[in-house]
Number of protein chains: 2
Amino acid sequence: MAMNSQNGKDPVPIPTLERVTTYLRFLLDLEQSQIDTISSAEVERQTGINAAQFRKDLTHLGQFGKPGVGYNVAELQAQITRVLRMDHEQKVILVGAGNLGSALVGYPGLQEHRLSLVAVFDNNLSKIGRPLWNLEIQDTATLTEVNKVLGAQIAILAVPAPAAQKVADQLVEAGIRAILNFAPVILKLPRNVYVRNVSFLQELAVLSYQLASESLNAPLKKQEKE
Amino acid sequence: MAMNSQNGKDPVPIPTLERVTTYLRFLLDLEQSQIDTISSAEVERQTGINAAQFRKDLTHLGQFGKPGVGYNVAELQAQITRVLRMDHEQKVILVGAGNLGSALVGYPGLQEHRLSLVAVFDNNLSKIGRPLWNLEIQDTATLTEVNKVLGAQIAILAVPAPAAQKVADQLVEAGIRAILNFAPVILKLPRNVYVRNVSFLQELAVLSYQLASESLNAPLKKQEKE
DNA sequence: GAGCATTTGTTCCTTATTTCACAAATGCTT
DNA sequence: AAGCATTTGTGAAATAAGGAACAAATGCTC
């Protein structure tokens with residue numbers, strides 16, 4: 001009678017979600033390797049993610065495993081795919097056809113996850129009208145109008161920082177409900193629009209700190225236990 | 001007599017670190033805008049980050065603000081920069097000169113943060129020897145040897161998934177202590193090597209789920225306040 | 001088909017993070 | 001220079017996440 005998580009009831013914690021996407025990747029690799037069953041203990045061995053955590057994460061999505069056996073790889077992969085809505089085709093638009101934007105478009109994983117890039121925008125006149133892969137770059141100014149037809153809900157924002165907020169506002173205006181933001185800017189958006197920020201500079205800063213703090217913390221003793 | 005955090009004593013929590021890099025970005029913007037003082041309350045207003053959290057995060061790095069006044073923007077920015085070791089020049093190497101790698105190299109923010117790209121590697125014969133921006137692409141096979149001279153501690157890993165683990169091993173062999181990994185693979189590395197993973201596909205998956213769960217959670221009522 | 005070796009789902013406990021709330025500190029005003 | 005309006009830094013409370021442990025479930029062996 002436990003109806004705790006069968007249907008999308010309780011919101012899946014963000015940390016869990018982030019790991020789940022990792023599980024999906026891992027499971028796809030296992031499928032490649034013709035492995036059809038895996039236990040949480042084996043997951044821990046291969047990924048370093050705690051077995052109990054793996055199991056608990058999955059309970060947020062539903063029930064999948066068989067006691068004494070483990071998880072059917074293909075089935076679990078399909079389930080996660082379904083939960084993440086990666087089984088439907090989803091339209092994505094890109095704003096910003098610079099180096100980064102262009103690199104993202106070319107990334108093969110997009111189709112693999114049923115993410116279909118349906119339009120690319122840029123405000124650079126010399127780029128507008130040119131092809132980027134299989135799409136023609138359109139004027140950012142027409143973004144709202146164009147997406148009223150396309151109806152994409154997800155956008156990738158890869159414009160320079162100074163332009164980001166303005167474009168983000170246009171995206172919302174255009175009906176976009178989720179933004180993957182590469183600009184190093186804190187976007188101010190309505191609460192009902194989801195944002196994920198990606199900043200490789202910030203990631204490098206974290207690494208930089210970790211390196212630095214290490215030499216501060218253990219400069220005297222060379223003991224390297226645990 | 002509180003010697004709790006002046007020198008890198010307690011390890012700064014990762015969530016705090018991640019926010020700190022955001023603060024840094026924000027402070028740099030404020031400096032641009034000629035704003036020289038800011039309070040935690042104002043930070044909350046402008047970034048959405050809880051004021052108490054901002055203050056507590058900063059205490060992990062030291063003491064900065066003045067009661068009744070707030071924080072000196074330039075000073076705080078400089079402090080954070082120092083703590084993150086972004087005041088020293090730091091060498092970075094890149095492995096993988098594909099679309100993504102090329103885009104990263106061109107990113108202007110690198111120099112701004114004193115991150116100096118000193119070498120680029122790829123294993124594609126048609127790329128080796130060619131210039132990428134101001135560097136010549138070198139053979140990944142020579143990575144270990146080359147970095148013994150260069151002595152970079154930070155690497156950006158932007159190779160295809162199947163090659164990632166092998167290259168990562170080479171990086172460690174080459175003395176790299178921190179890896180920014182763009183390959184959708186869980187790297188198995190010694191505990192004393194720091195890794196940060198960046199995966200925009202996973203980020204899109206999270207957004208996809210959030211969109212989906214929303215329509216599950218509030219499909220009946222259309223009330224959408226705030 | 002009973003016993004055994006596994007392995008899950010879940011409860012309970014521990015640890016970490018966030019938020020609250022307020023005393024101490026600062027500078028401004030009169 | 002005393003009072004006042006701020007705003008910090010920080011303990012203490014609340015919330016969230018992570019991990020250990022175990023009963024229930026499964027399939028395998030004999």
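Here the structure is a predicted model, which means the values were calculated and not measured. Chain letters run A, B, ... following the sequence lines, proteins first, then strands; residues in each count from 1.
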### Task
Using side chain to side chain contact (heavy atoms under 4.5 Å, CB included) as the criterion, point out the one residue from R25(B), H113(B), R196(B), E18(B) that pairs with Q202(A).
R25(B)
### Matching residue for I156(B) among L104(B), L115(B), L100(B) - test: side chain to side chain contact (heavy atoms under 4.5 Å, CB included)
L104(B)
Can you tell me how far [atom2] of [N] sits from [atom1] of [X], to the nearest Å?
X	N	atom1	atom2	answer
F54(B)	dT8(D)	CZ	P	8 Å
Q53(B)	dT7(D)	CD	P	20 Å
Q63(B)	dA25(C)	CD	P	12 Å
I38(A)	dT6(C)	CD1	C1'	15 Å
I14(A)	dA16(C)	CD1	P	22 Å
F64(B)	dT26(C)	CZ	P	16 Å
I49(A)	dA20(D)	CD1	C1'	18 Å
R19(A)	dA17(D)	CZ	P	9 Å

### Query
For T140(A) and Q170(A), does a side-chain donor sit closer than 3.5 Å to a side-chain acceptor?
no
#### Entry: Polar contact flag, side-chain donor to acceptor under 3.5 angstrom, S208(B)-R85(A)
no
### Message
Whether N50(B) contacts dT17(C) is assessed here as follows: a side-chain N or O lying under 4.0 Å from the phosphate OP1 or OP2. Is that the case?
### Response
no
### Query
Counting just side-chain N and O atoms, does Y71(A) come under 4.0 Å of either OP1 or OP2 of dT6(C)?
no
Which nucleotide, [options], lies nearest any side-chain atom of [X]?
X	options	answer
K66(A)	dG27(D), dA17(D), dT7(D)	dG27(D)
T59(A)	dT8(D), dT8(C), dT10(C)	dT10(C)
R55(B)	dT7(D), dA21(C), dA25(D)	dA21(C)
A52(A)	dA20(D), dT8(C), dT8(D)	dA20(D)

### Query
What's the verdict on salt bridge (Lys or Arg N to Asp or Glu O under 4.0 Å) for K66(A) and E75(A), showing C-alpha distance, side-chain angles and the deciding distance?
CA-CA 12 Å; K66(A) 282 215 186 88; E75(A) 194 183 312; 5.9 Å; no
### Query
Just checking S40(A): base, sugar-phosphate only, or nothing, at a heavy-atom cut-off of under 4.0 Å?
sugar-phosphate
#### Entry: Donor-acceptor pair present, K56(B) side chain and dG11(D) base, under 3.5 Å
yes
